[in-house]
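Here you go, one structure.
Naming convention: chains lettered A, B, ... in sequence-line order (proteins, then strands); numbering from 1 in each chain.
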Amino acid sequence: MSLELELFIQQVFNGLTIGAYLGLIALGYTMVYGIIELINFAHGDLFAFGFFISLTIFTALGIPRPLEGFNLIVVLPLIFVVTMLLSGGLNVLIDRVAYKPLRNAPRLAPLITAVGMSFALEALFAIWQGPSQINYPRYFPQIDILRDWMGLEPQLLFITTKDLFLFGVTIPLMVGLTLFVDRTKLGKAMRAAAQDREAASMVGINVDRIIATTFFVGGALAGAAGLVWGLYINSGRFLMGFEAGLMAFTAAVLGGIGNIRGAVLGAFIIGLLKAMGDQYIGGAWSRIIIFAVLILLLVFRPSGILGSTQSIEKV
Amino acid sequence: MTTNGVKRMLELENVHSYYGNIHALQGISLYVNEGEIVTLIGANGAGKSTTIRTISGIMHPREGTIMFDGQPIHDIPAHDLVGQGIAQSPEGRRIFPRLTVRDNLEMGAYKRSDAAGIKEDLEMVFTLFPRLKERRMQMGGTLSGGEQQMLAIGRALMARPRLLLLDEPSMGLAPVLVELIFETVQRINQTGTTILLVEQNALMALEVAKRGYVLQTGTVVLQDDAAALMKNEMVRKVYLGET
């Protein structure tokens with residue numbers, strides 16, 4: 001295989017890894033928008049929260065690294081569950097405190113509140129964890145799959161157990177969420193409430209509870225993404241939710257805000273754009289490309305790829 | 001509350017409702033006995049839909065009481081009233097456009113957990129409206145107006161209500177469909193469901209109803225047996241379009 005081809009394949013792969021964690025964040029944006037038509041700008045910070053809180057748990061438990069045996073099979077999934085519960089809970093709390101009192105206010109009010117909430121969370125993270133880059137220890141074992149397991153000898157291509165872990169967590173979560181929203185009674189109630197809140201209450205759906213559930217699920221997914229990021233990238237800081245949030249938001253808009261499959265699709269497209277931009281145009285240009293996409297989209301097709309052009313598809 | 005073996009199911013007393021500062025219901029009093037079809041007729045803006053919305057808990061009265069089965073319900077939120085036996089097919093149908101017909105009906109039974117009973121009622125709705133059965137995998141929003149009306153009524157029935165609130169079920173439908181809807185309303189009533197029916201089509205409404213109330217600018221101006229209302233000169237002139 002030529003070096004150029006390997007490089008290209010590696011970038012496709014990198015793009016997919018970025019898309020995988022962005023997708024988890026984008027889902028929260030799109031679900032919340034679908035149900036209360038709010039772009040929750042504080043959503044990206046839940047991702048940072050997942051990063052910090054899971055790191056705090058790892059540290060508090062004094063878990064040795066790399067993870068193996070019992071720690072890998074039992075403790076790690078438990079840390080996932082706790083991180084997701086806490087992130088989901090925090091998101092519900094944010095809604096209760098900041099957005100719920102404004103449910104019937106003009107749309108701009110909760111939007112500005114969301115920006116303020118984002119600043120507040122970032123400031124709290126800076127106080128809690130300090131303003132500098134934080135090292136997230138390399139808990140997850142990193143084994144070179146192609147060389148050590150498969151005996152191949154590529155010149156450049158590098159795929160490890162950490163990549164397996166990233167996809168092994170994010171893909172099932174995305175598929176699981178889609179099935180949950182498509183098939184379960186609660187998922188259908190979420191879609192019903194997104195389509196017509198008043199009609200939903202007429203059939204007996206407690207819309208406030210459904211909205212809280214939506215914030216919970218969105219927060220839990222963003223928290224899971226933060227934990228995945230920590231174990232995968234091994235570094236982050238208090239503002240990490242801001243940029244990830246902007247990219248995930250762009251992904252959600254690209255796919256069609258309010259559309260669940262669209263959010264995942266948009267995330268993978270953004271991930272690929274970023275990876276290709278980093279490699280072939282230069283890292284400094286990647287953001288410019290991504291946000292140029294956002295601007296072009298908002299001008300020419302605000303309903304996104306999978307959103308209908310007539311009315312925006314919700315949840 | 002039982003008098004002469006007739007059980008009073010719903011009773012509104014001096015109910016006042018507002019949209020912001022607009023005084024939409026100005027002291028409505030009415031009752032519905034178990035097993036009846038009662039109709040509210042009146043012009044646009046008379047407060048018919050507001051009455052329905054106030055009964056079902058979408059709006060809450062600022063003054064007055066609403067009793068259901070002898071219990072006050074005027075402070076109970078809409079989603080809890082469904083479990084107590086009140087369901088509605090709202091004005092404008094308000095079906096879920098991007099859920100399938102089947103899922104729309106399933107949402108109607110949201111408060112129930114008796115899987116066997118839900119399945120039974122689904123079959124019952126499909127028997128009442130065979131068109132819905134044919135289109136059960138279609139998105140609600142792709143149905144015609146008449147089919148959406150059937151779906152809205154079917155969805156309300158899926159709650160297995162004791163009191164069914166029907167708001168303008170004939171609105172925008174072709175005459176042949178209006179006939180079908182009213183026939184179905186009677187059949188639903190014959191199976192033991194009490195019905196409060198709001199209609200602009202006063203003639204059809206009075207034909208199926210046992211009693212009726214005439215609303216004007218948020219108050220009841222006339223109430224009587226449906227047969228008597230049909231003979232009433234004012235009703236004939238204003239609501240049945242006779243000259």
If you define the side chain from C-beta out and look only at heavy atoms, does anything of Arg98(B) sit under 4.5 Å from Arg191(A)? no
Chain A heavy atoms under 4.5 Å from Ala152(B): which part of the residue, side chain, backbone, both or neither? neither
With respect to Lys188(A), which candidate in Asp103(B), Thr100(B), Asn104(B) satisfies the side-chain hydrogen bond (donor to acceptor under 3.5 Å, both in side chains) definition? Asp103(B)
Arg162(B) CZ: over 12 foreign heavy atoms closer than 6.0 Å: yes
Closest approach of Phe96(B) to Val203(A) (non-hydrogen atoms, all atoms of both residues): CZ-CG2, 4.3 Å
Taking atom NZ of Lys119(B) as the centre, report whether more than 12 heavy atoms of other residues, nucleotides or ligands fall under 6.0 Å from it. no
Partner of Ile205(A) under side chain to side chain contact (heavy atoms under 4.5 Å, CB included), chosen from Met107(B), Lys111(B), His79(B): Met107(B)
Which portion of Leu99(B) sits near chain A, non-hydrogen atoms under 4.5 angstrom: both
Scanning both residues in full, the closest heavy-atom pair of Tyr110(B) with Gly204(A) reads CD2-O, 3.5 Å
Heavy-atom pair of closest approach, residues Ser201(A) and Ile58(B): OG-CD1, 3.5 Å
I'd like to know whether CZ of Arg103(A) has more than 12 heavy-atom contacts from other residues, nucleotides or ligands below 6.0 angstrom. yes
About how many Å separate CZ of Arg53(B) and CD of Glu198(A), when rounded to the nearest 0.5 Å? 4.0 Å
Let me confirm one number: the CG-CG distance from Asp80(B) to Asn206(A), rounded to the nearest 0.5 Å. 7.0 Å
Residue Phe180(A) excluded, over 12 heavy atoms near CZ under 6.0 Å: yes
Highest number of heavy-atom pairs under 4.5 Å with chain A among Pro97(B), Ala109(B), Ala87(B), Ala156(B) belongs to Pro97(B)
